[in-house]
Every structure is written in structure tokens, then in C-alpha cells.
Amino acid sequence: MSEQAGRDPDVLTTAELAAKLGLSAQTVRRMANAGQIPALKTGKDFRYSWDAVREVLRQPHREPETSVPEEPEPKKGAGYRAQRRARSGAASTDSEN
């Protein structure tokens, strides 16, 4: 890695950050797209502040809170309309007959 004149040594390219972290460039890009590491989009690629990335990676990992909904939302798919009709139309169907 040779430094260019006038370039901030704290600002890294995807390849440079991947090498420092021991990850593939694709993994680093995925982490940036997911918001797991701070990044600045420059055209098609990203630029990273080494200090900011290091600070984020030093923070303890937090498990997402899992709350069980009272009634899970039905997945939209093959039986979605039938499920919806069964829930909302069951009462109105009985009154029609």
C-alpha cells in the first residue's frame, strides 16, 4: 500500500479495509450496505474511516430484541387471499346464509 500525496491515511478504500480486517472486499461491501460499518459511498465504491470502523467493531454485539407478536402476519403467497377471506369474511358469510 503506497500512500498518495495529499491523501488522508485514515481514509481507506474497500480493498485496503478488507486487508486490514482480514476479510474479503465483498464482505466489507456487504457490511457497508447493511449499515454494519460506517462508509461513504463514492461513485460505485466506498471510502471508510479506519478510526470510525474500529470504534464500531469494538462495541459489544447486541442481540436484536425478539418479541413474539400476538398473531403473526400471514405470509403473502399461495393461500394468502384464502386466509384473509377466512378471517374477515367468516362472520359475514355466516350472516348471508
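Worth knowing before you read on, the calculation uses all heavy atoms, side chains too, and leaves out hydrogens, waters and symmetry mates.
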Sorted by chain and number, sequence neighbours left out, side-chain contact (heavy atoms from CB on, under 4.5 Å) with A39 holds for A32, F46, Y48

Contacts of V56 meeting side-chain contact (heavy atoms from CB on, under 4.5 Å) (sequence neighbours excluded), chain-then-number -> P38

ask   = With hydrophobic residues grouped by side-chain heavy-atom distances under 4.5 Å, do L23 and L12 end up in a single group?
value = yes

In short, salt bridge (Lys or Arg N to Asp or Glu O under 4.0 Å) pairs touching residues 52-61 with sequence neighbours left out are D51-R54

Apply side chain to side chain contact (heavy atoms under 4.5 Å, CB included) to the pair M31 and V53, showing each step before the final yes or no. CA-CA 11 Å; M31 291 173 74; V53 170; over 6 Å; no

By side chain to side chain donor-acceptor pair (under 3.5 Å), S49 pairs with (sequence neighbours left out) D10

>> Counting C-beta onward and ignoring hydrogens, is there a side-chain heavy-atom pair between I37 and L17 closer than 4.5 Å?
In response: yes

Applied to residues 26-37, the side-chain hydrogen bond (donor to acceptor under 3.5 Å, both in side chains) test, sequence neighbours excluded, yields S24-T27

